[in-house]
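Have a look at the structure below, then the notes.
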Amino acid sequence: MRVIAKKTLRDFWEVHADCEQQLKSWFQEISRAEWLNPNDIKQEYPSARILPDNRVLFNIKGNNYRLIVKISYHYQMVWIRFIGTHAEYDKINANKI
């Protein structure tokens, strides 16, 4: 999968240094993935939540942070739609972001 954009993750871990290693690991794992459907994601990330419109919610650093991506399985691309604290996540509509 091609992840768009790593800079979003980098900007976030510069402010929240405690999740830098987890986000780097996530990026590397996703960059090597070849998912064809949501079931492929659930096999690798059982705690990931599948959302409408090809969105997926990942818990980062023991659920302290939330990461929402939108996936194109056909083009093998992942767009970062949201990264934030649990409190910031509570203020958004994960299905629309």
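Just the heavy atoms: all of them, side chains too, but no hydrogens, waters or symmetry mates, feed the values below.
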N39 backbone acceptor or donor facing N37 side chain under 3.5 Å
yes
Beyond-backbone contact of W35 with I30, side-chain heavy atoms, under 4.5 angstrom
yes
Less than 4.5 Å apart, any side-chain heavy atom of I50 and any of K42?
yes
Same hydrophobic cluster for W79 and W26, using side-chain heavy-atom links shorter than 4.5 Å among ILVMFWY?
no
Using a distance-only test with no angle check, is there a side-chain donor-acceptor pair under 3.5 angstrom linking D40 and Y73?
no
Would you call R55 and V69 a side-chain contact if the rule is heavy atoms closer than 4.5 Å?
no
Can you give the donor-acceptor pairs under 3.5 Å from side chains of residues 88-97 to other protein atoms, not counting sequence neighbours?
from: E88; atom 1: OE1; to: T85; atom 2: N; distance (Å): 2.8
from: E88; atom 1: OE1; to: T85; atom 2: OG1; distance (Å): 3.4
from: N93; atom 1: OD1; to: N95; atom 2: N; distance (Å): 3.0

Within the 4.5 Å heavy-atom criterion, are I68 and V56 side-chain neighbours or not?
no
If I compare all heavy atoms of A33 with all of E44, which pair ends up nearest, and what's the gap?
CB-OE2, 4.4 Å
Heavy atoms, side chains only, cut-off 4.5 Å: are Y65 and F58 in contact?
no
Nearest heavy-atom neighbours spanning N59 and S47
ND2-O, 3.9 Å
Let's go through K70 and D53 carefully: what are the C-alpha distance in whole Å and the side-chain angles of both, what is the deciding distance for side-chain contact (heavy atoms from CB on, under 4.5 Å) to 0.1 Å, and is it a yes or a no?
CA-CA 8 Å; K70 183 169 181 165; D53 197 25; 3.0 Å; yes
Minimum heavy-atom distance M1-V78, with the two atoms named:
CE-CG2, 3.6 Å
Quick one: side chain to side chain contact (heavy atoms under 4.5 Å, CB included) partners of E14, sequence neighbours excluded?
R10, D11
Take F12 and E20 through the side-chain contact (heavy atoms from CB on, under 4.5 Å) test and state the conclusion after the steps.
CA-CA 8 Å; F12 189 79; E20 178 178 357; over 6 Å; no
Taking ring pair (Phe, Tyr, Trp, His ring centres under 6.0 Å) as the definition, give me every residue that meets it alongside F82, ordered by chain and number, with sequence neighbours left out.
none
Side-chain heavy-atom pair L57, L67 within 4.5 angstrom cut-off:
no
Starting from L51, can I reach Y45 by hopping between I/L/V/M/F/W/Y residues whose side chains sit under 4.5 Å apart?
no
With heavy-atom distances below 4.5 Å as the criterion, would you say the side chains of I71 and I41 are in contact?
yes
Looking at every non-hydrogen atom in both residues, tell me the closest pair between I80 and A5 and how far apart they are.
CD1-O, 3.5 Å
Compare every heavy atom of Q22 with every heavy atom of I60, then report the nearest pair and how far apart it is.
CG2-CB, 4.0 Å
Are the side chains of E34 and Q76 in contact, using a 4.5 Å heavy-atom criterion?
yes
